[in-house]
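Positions are given from 1, in the same order as the sequence printed here. Whatever order the structure lists ligands and atoms in, that order sets their numbers, starting from 1.
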Amino acid sequence: MTIPSQLFVDGAAREGVSNHRTTLINPATEESFGSVAAADPMDVSQAVESAHGAWVSGWRDLSPGKRGEILYAVARVLRENQEWLAQLETLHIGKPIADARDEAGLGARVFQFYAGAIAQFGGQTLPVGRGGFDFTLRQPMGVVACIVPWNFPLPIACWKAAPALAAGNCVVLKPASLSPLTALALGELAHRAGLPSGVLQVLPGSGAAVGEALATHPLIRKVSFTGSTEVGRRIMELAARDVKRVSLELGGKSPNIVFADADWQRAADTSPMSVFANTGQDCCARSRMFVERAIYEPFVERFVAATSKLVVGDPTRPETQLGPLVSAAQRATVEGYLADARANSTRFAFGGKRSQSKGFYLEPTVLVDVDPGQRCWREEIFGPVVCIAPFDDEKRMLQEVNASPYGLSGSIWTNDLRRALRVVRAVDSGVLSINSHSSVHVEAPFGGFKQSGLGRDLGMAAMEGYTELKNVYVAE
Ligand code: NAD
């Protein structure tokens, strides 16, 4: 398998100016399998200036039809290379291969959606009264920086780059240091599909060197970021200096609310994967469970039984549902939360230990009767840990749900339609699902309330977010 190992700039792979490299580690084996070039601020300047050149000299003025054609071609080439992309992700971040294949397919679907969306996208005419008329234009911004995390590297890179390109911008994409491979592959495949040189640049490297240089570069018009709330705050501060546009997709501590009138058996059977999928490294993980007291004991029993059947292990096997955590550091962070829970005498109904002798594995862990004051209940753990607690009163439960500084996603299980709609209105969250655990749909806006973010990815909302809105009045 070919493994990308250099920056992708101006339509070609090349070393960084400083010749720095990052070692690549397979989290399932703890073994190194090579290294990848790391960019520095000098590379950022060169890549941004050349992306700006590509924007001014062609991409911004390309007809929407031609832009659409190119993005359709990117979708096709991604699909043709789905297996390569999936293998890269599994090797590098330990993602189970079945999930990695789905995510590569999702990346292609995102490009296809925005290729078609171009034809539907534009301004409005507005009724301003006699004597003239008024219309709006949606204009591209210029060069946009897309800074992405390591948990869903390819889908998030696609759902930032595709709408930005569709709206007529050029993109500098910065993958996380832990997961640069599929972003580099995306740069290469998009170029092979016909995306002109410089329109999509890919710069792996550290957040401090590459991310901050992007967030402060004068030619970057917008920073579209997905990652932790802490880094999102920093990017907002840096971007404020020259009032760059920002969109932020940040952390979460999403609730999963199960009422006694629901098909709670189905909720118990399916909820483990709503928090343990991707080994819990998911911003939408339903990591706080609120279960109505009347069904609490049988629900927990059934949830634990379903958890015990999850297949944890070698991510290259098609039946594996949970691979390792992405790094030793990430596992240490999660184990810190488990130590804290033990010190507070929290009841472990399942898991809590390392599950294999090699690789950064951890068992899916079920903490029950958790007190809302505890760290594991309040903070984003980003690992395979769920906290479950009973509730008696809907109003008080909702106060506790909304006491979180986050508001990204969540599920509500009930067969009472009026209750479902009442609770949907009451929960402070950008994305919710009723009797399901889904969070992401290519066609629909995705993003958070409160400290979970600002702005929206996906759907037509994302395309709007990559344009400036211009209003024009015409006198008759
Ligand atoms: P992170 O914030 O550490 O890093 C995200 C990206 O920012 C990486 O590319 C990193 O190199 C870069 N970065 C780090 N410091 C920077 C700085 N000072 N300036 C500019 N860029 C910098 O996050 P992570 O550990 O990669 O991912 C986990 C976090 O991402 C979790 O909090 C998770 O909830 C969040 N996340 C959110 C969503 C969402 O859509 N809301 C999706 C996935 C992950």
Side-chain angles (χ1 to χ4, degrees), residues 22 36 38-41 44 92-93 95 103 106 145-160 172-180 182-184 202-217 220 223-239 241 244 246-254 275 277-287 325-327 329-331 333-334 379-383 404-410 429-431 439-441 444-458 461-462:
T22 309
V36 68
D40 74 5
V44 171
H92 196 16
I93 59 168
K95 191 176 288 280
E103 289 177 22
L106 173 61
C146 298
I147 303 180
V148 299
W150 46 260
N151 58 341
F152 296 101
L154 183 62
I156 296 179
C158 291
W159 79 50
K160 291 200 177 293
V172 180
L173 170 65
K174 192 205 101 53
S177 322
L178 285 168
S179 59
T182 47
L184 290 167
V202 189
L203 294 183
S206 76
V210 180
E212 300 222 354
L214 285 169
T216 49
H217 196 291
I220 294 289
V223 184
S224 176
F225 171 78
T226 297
S228 60
T229 297
E230 190 191 346
V231 174
R233 217 174 267 130
R234 171 79 182 143
I235 284 176
M236 214 169 166
E237 274 170 25
L238 294 173
R241 292 179 195 171
K244 283 189 198 336
V246 288
S247 64
L248 306 171
E249 299 293 345
L250 308 176
K253 190 76 187 175
S254 297
V275 57
N278 213 36
T279 318
Q281 304 163 119
D282 181 348
C283 52
C284 294
R286 272 57 167 176
S287 51
L325 286 144
V326 73
S327 65
Q330 189 63 21
R331 183 171 63 180
T333 303
V334 179
E379 296 178 16
E380 183 183 47
I381 297 177
F382 227 56
S404 171
Y406 296 116
L408 185 56
S409 192
S429 178
V431 179
S439 292
V440 168
H441 299 272
F446 174 76
F449 280 24
K450 303 191 285 187
Q451 293 184 33
S452 283
L454 187 70
R456 293 293 178 267
D457 278 338
L458 295 172

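The closest protein non-hydrogen atom to atom 11 (O) of ligand 1 is K174 NZ, 2.8 Å. The protein heavy atom nearest to atom 7 (O) of ligand 1 is F225 CE1, 3.2 Å. Of the protein's heavy atoms, V148 O, 2.8 Å lies nearest to atom 9 (O) of ligand 1. Looking at atom 44 (C) of ligand 1, its nearest protein heavy atom turns out to be N151 ND2, 3.3 Å. When hydrogens are left out, the protein atom nearest atom 42 (C) of ligand 1 is C283 SG, 2.9 Å; that is the closest non-hydrogen contact. Shortest contact from atom 3 (O) of ligand 1 to any protein heavy atom: S228 OG, 4.1 Å. Protein heavy atom closest to atom 14 (C) of ligand 1, with residue, atom name and distance, is G207 CA, 3.6 Å.
Some N or O of E380 is nearer than 3.5 Å to an N or O of ligand 1, by distance alone. Residue contacts with ligand 1: G227 is placed with a nitrogen or oxygen under 3.5 Å of a nitrogen or oxygen of the ligand (distance criterion only). The shortest N/O to N/O separation between G211 and ligand 1 does not fall below 3.5 Å.
Within the 4.0 Å heavy-atom shell around ligand 1 one finds P175. Distances from ligand 1 to the non-hydrogen atoms of W150 include at least one value under 4.0 Å.
Proximity of I156 to ligand 1, defined as any heavy-atom pair under 4.0 Å, is confined to the side chain (atoms from C-beta onward).
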For this session: Evaluate the side chain to side chain contact (heavy atoms under 4.5 Å, CB included) criterion for residues S439 and R286: first the C-alpha distance (whole Å), next the side-chain angles of each, then the deciding distance (0.1 Å), finally the verdict.
Result: CA-CA 10 Å; S439 292; R286 272 57 167 176; 2.8 Å; yes
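Although no hydrogens or angles enter the test, the distance criterion places a donor-acceptor pair under 3.5 Å between the side chain of K244 and the main chain of I220. A donor-acceptor contact shorter than 3.5 Å is absent between the side chain of R331 and the backbone of V326. Distance alone, capped at 3.5 Å, is enough to place a donor-acceptor pair between the S404 side chain and the Y406 backbone.
Annotation for Q330 and I381: closest pair NE2-O, 4.0 Å, computed over non-hydrogen atoms.
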